[in-house]
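Presented below is the structure to which this report refers.
If you're wondering where the values come from, they're calculated on a predicted model, not measured in any experiment. Chain naming here is simple, since letters A, B, ... match the order of the sequence lines and numbering starts at 1 in each.
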Number of protein chains: 4
Amino acid sequence: MSEHQDEKVIGEYPYVPKQQRAQAKRQALLESGRLLFIEQGYEQTNAKEIAAHAGVATGTFYRYFVDKRQLMMSLMNEQLDRLLPPIHDWTTNNPESYLAIRLEEHYKQLDQLNLNLLLPELLVKDSQLAELFEEIRSKMLRRIISNLRSAKKQGLVWDDLNVETVAWSILLLSEQIPEAMIQGRKKEDFQHLAKVICRLVFPPEKLEQLKTNK
Amino acid sequence: MSEHQDEKVIGEYPYVPKQQRAQAKRQALLESGRLLFIEQGYEQTNAKEIAAHAGVATGTFYRYFVDKRQLMMSLMNEQLDRLLPPIHDWTTNNPESYLAIRLEEHYKQLDQLNLNLLLPELLVKDSQLAELFEEIRSKMLRRIISNLRSAKKQGLVWDDLNVETVAWSILLLSEQIPEAMIQGRKKEDFQHLAKVICRLVFPPEKLEQLKTNK
Amino acid sequence: MSEHQDEKVIGEYPYVPKQQRAQAKRQALLESGRLLFIEQGYEQTNAKEIAAHAGVATGTFYRYFVDKRQLMMSLMNEQLDRLLPPIHDWTTNNPESYLAIRLEEHYKQLDQLNLNLLLPELLVKDSQLAELFEEIRSKMLRRIISNLRSAKKQGLVWDDLNVETVAWSILLLSEQIPEAMIQGRKKEDFQHLAKVICRLVFPPEKLEQLKTNK
Amino acid sequence: MSEHQDEKVIGEYPYVPKQQRAQAKRQALLESGRLLFIEQGYEQTNAKEIAAHAGVATGTFYRYFVDKRQLMMSLMNEQLDRLLPPIHDWTTNNPESYLAIRLEEHYKQLDQLNLNLLLPELLVKDSQLAELFEEIRSKMLRRIISNLRSAKKQGLVWDDLNVETVAWSILLLSEQIPEAMIQGRKKEDFQHLAKVICRLVFPPEKLEQLKTNK
DNA sequence: CATGAATGAGCCTTCATTCAT
DNA sequence: AATGAATGAAGGCTCATTCAT
């Protein structure tokens with residue numbers, strides 16, 4: 001996500017460095033911020049610490065970021081839409097394996113940055129972030145809903161499927177990669193989860209049909 | 001939950017008042033704390049504010065609570081196990097209606113106190129609370145798992161049911177009463193959710209069987 | 001020392017009880033104050049503690065004393081002149097044994113109340129007390145000086161005796177009963193000290209003469 | 001006395017500045033602390049006041065000192081052994097003039113810093129400081145005692161000299177430079193005091209002998 | 001009179017941010 | 001640009017004193 005996005009959320013940077021050195025410094029600050037936020041929590045981390053961890057002076061922090069919040073926002077902006085599962089157009093072909101792959105990818109992204117651990121704290125604190133996140137979530141939900149609706153029209157799903165509830169369930173199950181998995185991290189786990197989600201949507205025979213079509 | 005529970009988490013109160021007047025004051029502080037924590041977040045609320053909101057002086061706060069954290073812990077202690085859904089012994093009789101009723105009850109409890117909104121922030125900050133919560137959650141999960149296992153032995157569930165994954169899904173779906181419902185609050189919503197959970201577990205014909213048995 | 005004295009230093013009491021019960025309560029507060037002041041220091045002791053130690057409520061403290069300071073002053077007033085050694089008219093008869101007896105008496109008084117341990121802290125804090133104490137000390141010093149002068153006239157003392165310096169030394173040595181003694185508390189210690197003081201004043205032959213006169 | 005000494009008493013400094021500017025600031029804080037402690041007493045002085053007096057912000061105080069106590073300890077550490085009189089090896093040569101010189105020096109040191117005025121209050125409050133001070137005092141006393149003993153062996157002192165009592169008296173007389181002198185400050189005063197101390201130890205003829213030997 | 005809960009001023013301390021070098 | 005010392009507002013907490021019961 002570009003600087004343009006940043007501006008949408010957080011306004012102008014005090015200084016967006018062009019030179020390689022400075023860019024590296026900015027990145028170091030972002031990374032230090034991410035690590036310390038995750039380790040200690042957002043509120044428990046202060047600018048001085050972040051600067052020290054990044055190997056720069058306190059003042060330098062403020063050359064690159066307006067304040068701690070902006071650094072956090074920059075982190076989030078880059079990743080906010082990655083925090084939600086990338087589920088769309090999955091009701092065709094082999095939904096189970098498709099989902100399993102997407103969920104695993106998603107998990108790997110989460111695992112890389114771990115920003116999802118920060119989100120709960122931040123959403124309470126920062127209504128702007130909360131709104132933005134909610135917006136993205138809504139979009140995602142609407143996408144799942146429209147997906148389910150078209151599958152319903154095609155008669156692929158359970159007769160009595162309540163689209164909204166199931167869509168919600170899917171979003172929930174897939175965005176919070178069950179912590180159980182965080183320990184195991186086995187491929188099968190994602191397949192199990194994919195199967196669970198598919199069961200919510202497709203009767204066994206329809207699912208079988210979709211699988212063999214492929 | 002009794003004072004005894006409190007001790008488990010936070011040790012002795014500086015003063016647990018015996019007189020009615022004082023008890024009322026303590027309750028007012030708890031309630032003010034709850035409201036402000038939910039409204040502004042835990043970290044954004046300070047003892048002075050809570051005291052002012054409860055209509056007492058700052059020093060009075062410290063007569064009843066060691067600090068902000070203890071007030072929060074007192075709130076949580078009373079409610080911690082209510083934050084999790086009360087799901088057990090539901091695989092007999094009519095699971096759908098049973099679940100729907102339990103979920104609605106659970107939702108009403110959550111809605112009353114809204115402490116669940118605080119939990120994410122606090123779990124990051126307070127490892128003691130996090131442990132306690134995780135313990136309760138584990139117990140709940142194990143209960144769901146054993147429930148599923150016995151249903152499986154009786155041949156009531158899907159043949160290919162992965163107990164752990166489904167148990168996790170059930171816990172997740174029922175503990176986070178979908179925010180969507182928080183707006184609507186219709187009875188049907190809980191029935192829809194109950195149906196979704198039942199679908200994860202029972203094949204249609206078995207479910208029908210369980211319903212008519214009753 | 002009477003209440004009249006108290007007024008000189010600290011003004012009216014909020015309430016001087018006539019009844020026996022109340023008098024006992026006042027005494028209990030004084031005694032608790034004394035004990036706690038000595039044990040923890042004046043500044044480290046608060047009114048609530050004193051009241052609790054005396055077995056009365058916090059508010060009751062303020063019925064009998066304007067504040068902590070007044071309680072302390074009452075203690076001191078009763079004892080201030082006892083904190084200084086009672087040395088006068090000792091240059092006749094057998095000065096050594098006379099002094100030894102007086103010093104021992106003085107030590108016993110100090111040991112009873114131990115208010116002397118408080119004095120250093122209080123003299124820094126309370127200029128009124130400091131003045132009062134200094135006044136008493138001056139009086140005592142002048143008494144010793146005049147005593148020495150008359151002894152000098154009678155040719156009893158060292159030829160080159162500097163009255164002021166010796167008077168000061170005597171006051172110092174006798175008011176601060178050497179801490180060494182506080183441990184041992186032997187009778188001889190006081191005799192040793194008496195001998196030391198006498199040596200400052202009398203040449204051996206004159207001292208011998210005074211002794212045998214008796 | 002070095003930083004090493006400080007550590008003995010109070011552990012590491014939060015920050016011992018290297019730059020000259022910062023060192024000057026630290027000195028200003030120490031000096032302000034000293035002045036205000038002496039003027040108002042230790043307990044009556046707070047960090048904000050010290051900072052304001054030194055012309056810095058409150059927060060700056062905490063950059064250089066952990067708290068008020070540490071500042072005080074730094075002051076004391078530098079001076080603790082100067083608070084006691086430097087009396088040793090004085091029983092040879094001309095004890096009177098030697099002592100007079102040493103006492104005058106000692107007085108000048110005391111007068112410069114006036115930390116001795118703080119000591120009584122602090123010894124009550126700070127048991128660590130009290131121990132340290134007592135240790136130094138013991139050492140001093142033992143030194144005086146051994147000095148007296150060797151003089152006794154040489155037959156220089158009064159026949160009936162009680163070493164302990166006299167040593168105590170000497171320490172007392174010399175550490176508390178009589179306040180009387182604080183007013184006058186005449187050279188003779190120190191000579192008078194020296195004479196008094198010598199009289200405690202030496203018979204006139206032996207003293208004369210020691211004087212003429214030189 | 002006694003009680004002890006309540007008060008709130010004031011101290012200690014932290015830390016986000018500024019700014020002189 | 002970078003530095004890191006300095007700032008001072010703000011929160012945490014205590015305790016001398018008051019006052020309703």
Side-chain angles (χ1 to χ4, degrees), chain A residues 14-15 17 19 21-22 25 43-52 55-69 71, chain B residues 14-15 17-26 43-52 54-69, chain C residues 14-15 17 19 21-22 25 43-52 55-69, chain D residues 14-15 17-19 21-26 43-52 54-69:
Chain A
Y15 171 73
Q19 289 158 11
R21 279 273 193 95
K25 218 162 268 191
E43 202 66 43
Q44 282 69 44
T45 304
N46 62 37
K48 203 176 177 180
E49 276 179 289
I50 298 173
V56 299
T58 318
T60 308
F61 179 97
Y62 289 91
R63 179 149 208 88
Y64 292 101
F65 300 96
V66 165
D67 55 18
K68 192 172 66 161
R69 182 176 173 275
L71 187 147
Chain B
Y15 172 74
K18 269 88 201 168
Q19 289 156 14
Q20 203 185 1
R21 189 77 75 81
Q23 269 295 356
K25 213 157 272 188
R26 187 170 183 274
E43 202 65 46
Q44 282 68 45
T45 304
N46 64 32
K48 206 173 181 177
E49 273 179 291
I50 298 173
V56 299
T58 316
T60 305
F61 179 97
Y62 291 95
R63 180 161 198 81
Y64 292 101
F65 301 97
V66 165
D67 54 17
K68 192 173 66 162
R69 181 175 176 273
Chain C
Y15 172 73
Q19 289 159 10
R21 278 274 192 93
K25 218 162 265 190
E43 202 66 44
Q44 282 69 44
T45 304
N46 62 37
K48 203 176 177 179
E49 276 179 289
I50 298 173
V56 299
T58 318
T60 307
F61 179 96
Y62 289 91
R63 179 147 209 88
Y64 293 102
F65 301 96
V66 165
D67 55 18
K68 194 171 66 159
R69 182 177 173 273
Chain D
Y15 172 74
K18 269 88 201 168
Q19 289 158 13
R21 190 78 74 81
Q23 270 295 357
K25 213 156 274 189
R26 187 170 182 275
E43 203 66 44
Q44 283 67 43
T45 304
N46 65 32
K48 204 174 182 178
E49 276 180 290
I50 297 173
V56 299
T58 316
T60 305
F61 179 97
Y62 291 94
R63 180 162 199 80
Y64 293 101
F65 302 96
V66 165
D67 55 18
K68 193 174 66 161
R69 182 176 176 273

Separation of E:dT17 atom P from A:I50 atom CD1, nearest Å, is 11 Å
Taking for C:T60 and for B:F61 the nucleotide of DNA chain E with the nearest heavy atom, the one nearer the 5' end belongs to C:T60
For B:K68 and B:N46 the tightest heavy-atom approach is CD-CA, 4.3 Å
B:K25 atom NZ is separated from E:dG4 atom C1', nearest whole Å, by 12 Å
Across every strand shown, the nucleotide meeting Watson-Crick or G-U wobble geometry with F:dG8 (both distances under 3.5 Å) is E:dC15
Checking F:dG4, F:dG12, E:dC1 against the side chain of B:N46 (C-beta onward), the nearest is F:dG12
To the nearest angstrom, the CZ-C1' distance between C:R69 and F:dT17 comes to 16 Å
Nearest heavy-atom approach of C:A51 to C:A57 is CB-O, 3.5 Å
Rounded to whole Å, the CD-C1' distance (A:Q44 to E:dA16) equals 15 Å
So OG1 of A:T45 and CD of A:E43: to nearest 0.5 Å the spacing works out to 9.0 Å
Rounded to whole Å, the CG-P distance (A:L71 to E:dT17) equals 12 Å
Decide side-chain contact (heavy atoms from CB on, under 4.5 Å) for B:R26 and B:F65; before the verdict, give the C-alpha distance in whole Å, the side-chain angles of both, and the deciding distance to 0.1 Å.
CA-CA 9 Å; B:R26 187 170 183 274; B:F65 301 97; 3.8 Å; yes
For C:F61 and C:I50 the tightest heavy-atom approach is CE1-CG2, 3.9 Å
Taking for D:G59 and for B:T58 the nucleotide of DNA chain F with the nearest heavy atom, the one nearer the 5' end belongs to D:G59
Rounded to whole Å, the NZ-C1' distance (A:K48 to F:dA6) equals 11 Å
Regarding the side chain of B:Y64, the nearest nucleotide among E:dT17, F:dA6, E:dA6 is E:dA6
Considering only heavy side-chain atoms of A:V56, the closest of E:dT3, F:dT3, E:dA6 is F:dT3
Whole-Å distance, B:E43 CD to E:dT14 P, equals 15 Å
In whole angstroms, the gap separating P of E:dC15 from OH of A:Y62 amounts to 12 Å
Picking from F:dG12, F:dA1, E:dT3, the nucleotide nearest the side-chain atoms of B:K68 would be F:dG12
The Watson-Crick or G-U wobble partner of F:dT21, with both key distances under 3.5 Å, is E:dA2
